[in-house]
Amino acid sequence: MIKIWNKLRSIHQQVMGLNQRNLELIYPNNPKRNYKYADDKYLAKEILEQNGIACPKTYACISSVAEIEETWNVVSQWNELVIKPAKGAGGKGIMILKKQQGLWYKGGQVIAENHIFTHIANIIFGIFSFGDNDVALIESYVRPHPCFKEIYNDGVPDIRVIVLDQEPIMAMLRMPTNQSGGKANLHQGGLGIGVNMVNGKLKEAYDGKNFMKTHPDSGNKIEGVVLPYWLDILTLSIETARHFPLNFIGVDLVIDEHLGPMVMEVNVRPGLGIQLANKQGLKSVIKQQQSKS
Amino acid sequence: MNHHKTVNIIAATLILCPIFMILLRVYVNSNDEDLTPSHNYTITYQFDLAGDGNYKVDSYLPVNNKRQQIMLSSETDSPSTILLKGENKLARWEGFLDSSQHITFSFDYSGMDLSYQLGPEIPKVEIYSRLFADYTEPTELIQSQDERIAALADSLAADQKYLNDVITSFFNYVNEIPSAKTSELTDAVMAYENQKASCNGKSRLLVALCRNKGIPARVTGGLILEETTKRTSHLWVEIMIEGHWVPFDALNGHFAFLPSHYMQLYTGDEFLIKRSADLEFDYNYVIEQKRVNNYTKYSSFNLWGLIDEANLPFGMMKVLLLLPIGAFLVAIFKNVVGIKTYGVFLPVLISLILLKTGLVSGLILFSSLVMVVSLVNFPLEKLGVQYNAKIGLMLIAVVVTALLAIKLLHQTQWLDPTTPLFFPIIILTIISEKFAKKVEEEGLIAAVTLFLSTALVTVLIYFILAADYLQHFVVTFPESILIVAGLSLKLGKWLGLRVLEYHRFAKVLNS
């Protein structure tokens with residue numbers, strides 16, 4: 001009985017819940033009128049590019065159906081590209097295209113240009129963004145760093161860094177599994193892997209139920225692997241936080257094979273599952289941060 | 001920065017001032033009023049006669065006693081004579097009929113629950129069967145000496161040492177006989193043989209069993225009062241236990257208990273209405289529920305008075321005041337417990353509708369409508385139909401499904417065919433779309449889980465809002481809404497972990 005009570009008390013002392021996150025982190029740090037700089041990837045991209053923060057190159061933005069064909073003729077010179085809705089959430093509406101011998105491929109299958117045009121039109125019509133008209137972004141494709149292939153050879157793993165008052169306080173690597181189908185999202189069966197903030201060393205992986213030291217599908221070692229470019233990742237996160245009018249954000253980064261780390265997205269409502277991946281409560285981390293400063 | 005002080009001051013004011021007002025009103029009104037909500041109704045007998053010649057209509061009038069009070073209304077067709085027959089009061093309207101005649105007779109009723117606590121070891125006492133010999137004899141419809149009844153009574157009463165055990169055994173047996181919806185005359189033997197009976201068959205069977213064992217018992221009749229116009233009266237049983245006629249209703253499962261809305265009209269195996277033959281005759285009982293403000297002094301906002309004066313429908317005023325309480329409860333479930341639901345207001349709206357449709361049938365109907373309509377989403381999504389147009393199409397699906405449901409209900413008589421119309425069409429559309437979207441994004445299990453937790457919250461809120469006490473309380477003390485406002489404000493600044501988060505994050509400590 002006392003044991004249970006003590007356990008509940010320490011959870012209460014260390015872990016950040018949704019109520020407290022909303023009231024003490026999001027509301028005071030992120031003014032509502034500035035949410036758009038993170039929620040709208042087009043605006044986010046503008047800030048990142050203007051301030052020289054590494055991010056995937058924007059080839060084009062299409063905001064009206066009339067522009068689709070003309071713009072496509074320009075961007076189709078590239079051999080790999082990603083089409084995504086600016087206001088989409090949860091990875092919906094993202095299409096990855098690769099060109100081989102003049103034909104476009106989507107996930108290993110040939111796709112006709114007409115279908116690509118329909119997809120872009122659907123993005124503009126707002127199918128992936130709750131009925132609001134939207135903008136289709138066409139960006140460069142990010143080829144994941146080979147270090148990730150040594151763990152699991154599919155999909156694009158990304159790194160979430162939570163930054164409070166321009167200081168990175170917690171991070172995790174999100175890694176796809178067979179079950180998650182190339183996606184790194186925790187809800188869809190991906191892995192959350194805590195990261196040591198000091199040296200970028202990976203902790204154990206959490207799949208929503210259990211902790212594990214190796215990847216469940218490949219069996220390759222996870223715990224102890226050191227993320228490359230760790231200092232650059234931290235610097236990029238801080239730079240991002242400095243240029244966005246938001247003080248509590250989740251910065252999502254990927255590591256490109258050649259170009260190194262780059263910022264993909266900024267999130268104004270970072271989820272709390274990161275505490276599980278790190279086996280560490282945000283409340284205690286923030287307390288430590290405050291006692292330092 | 002967090003405005004903690006301001007919020008606390010406003011919340012405390014909102015909570016404490018109304019509490020003070022309520023206590024003050026309870027105190028100053030305490031001498032003349034009782035906190036228990038009694039049931040008040042106006043009952044109108046409507047008789048329609050057609051034909052030529054002399055007519056005579058007999059019906060019983062309720063008698064005043066400790067648990068029911070009757071007040072005759074002034075504007076009413078008074079009976080020609082009132083006869084006292086035993087414990088009953090028989091009213092007679094008579095005269096000469098020339099083509100047609102419409103008789104209305106109304107009175108006010110207020111009643112209280114009557115409940116007996118039966119001791120564990122009540123001895124069987126011979127004396128009562130002699131004192132109430134009339135109530136131990138068989139009659140045409142209560143064949144207490146029939147051998148089938150005797151055999152049943154013997155088997156049920158075997159090994160039962162005390163009177164209360166015998167009665168309990170009889171009651172449980174009769175109560176478990178399946179109910180029949182017919183109002184056809186059923187005698188004790190028929191009820192036993194058919195193993196299916198309505199109130200009159202069950203009551204006669206229970207009385208026959210008692211009489212067979214020499215326990216005085218009788219049927220008694222009246223009306224179950226509810227806001228409606230009805231033609232069916234109700235029969236239940238009274239058994240003589242230690243000098244008291246104790247009520248039992250083996251159809252609705254009331255053991256030694258008579259609810260306040262049971263208006264007793266007569267005792268004995270009688271008919272509520274008798275009239276001269278060779279006349280066309282029709283009748284109705286119109287029942288209206290009346291509620292009275294018991295706390296008029298210092299009442300800043302006399303809602304009961306307003307309801308009476310402006311003739312407002314009590315049901316709608318009730319919903320108006322329960323809505324904020326419901327919304328607050330949803331917020332508690334979400335922010336304090338951590339149960340997720342579809343939409344913030346959906347559980348409140350649905351539970352308020354369930355108050356009208358009935359809990360189980362309403363919930364089944366609602367869920368089936370949502371499931372059927374959400375199926376439409378998948379082909380539309382596949383075809384890539386744009387959101388606004390898709391919602392329009394799903395709305396049409398709701399309308400079509402509702403029409404089909406109405407037709408089906410009309411044919412099967414399972415529910416009142418208008419029931420699907422109680423659910424707002426827009427709500428059905430939105431929830432169906434949300435459900436379908438959830439299936440697509442997170443899978444069927446996640447979508448159904450969320451639907452079930454929404455239903456759970458809905459049912460819990462239903463039980464809270466359905467409480468008669470709460471409904472009376474908020475209408476009597478509308479200032480209590482401000483208390484809800486204060487509590488909501490406090491909840492809006494609640495920082496604690498949600499109950500379910502303790503479970504979710506338990507593994508954070510494992511290091």
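Naming convention: chains lettered A, B, ... in sequence-line order (proteins, then strands); numbering from 1 in each chain. Note that this is a predicted model, so its numbers are computed, not measured.
The shortest distance between side-chain heavy atoms of B:F505 and A:M16 does not fall below 4.5 Å. Side-chain contact check for B:K493 versus A:L23: some heavy-atom pair is nearer than 4.5 Å.
Side-chain atoms of A:N19 come within 3.5 Å of backbone atoms of B:G496 as a donor-acceptor pair (strictly under, hydrogens ignored). B:K507 places a side-chain N or O within 3.5 Å of a backbone atom of A:K209 that can act as its donor or acceptor partner.
Highest contact tally toward chain B, considering only A:N122, A:T118, A:L272, A:L18, is held by A:L18 [criterion: heavy-atom pairs under 4.5 Å].
Separation of atoms CD (B:E501) and NE2 (A:H12) is listed at 12.0 Å; rounding is to 0.5 Å. Distance check: B:L509 CG to A:K7 NZ gives 6.5 Å after rounding to the nearest 0.5 Å.
With a 4.5 Å cut-off on non-hydrogen atoms, A:K203 does not touch chain B at all. Looking at A:Q275, the atoms closer than 4.5 Å to chain B (heavy atoms on both sides) sit in the backbone and in the side chain alike.
Surrounding CD of A:E69 are at most 12 heavy atoms belonging to other residues, nucleotides or ligands under 6.0 Å away. At most 12 heavy atoms of other shown residues, nucleotides or ligands fall within 6.0 angstrom of atom OH in A:Y42. The number of heavy-atom neighbours closer than 6.0 Å to CZ of B:F20, taken from other residues, nucleotides and ligands shown, is 12 or below. Counting non-hydrogen atoms of other residues, nucleotides and ligands closer than 6.0 Å to CG of B:L23 gives a total above 12. Taking a 6.0 Å sphere around CZ of A:F117, one finds it holds more than 12 heavy atoms contributed by other residues, nucleotides or ligands.
B:K437 and A:K92 get closest at one heavy-atom pair: CE-NZ, 4.2 Å.
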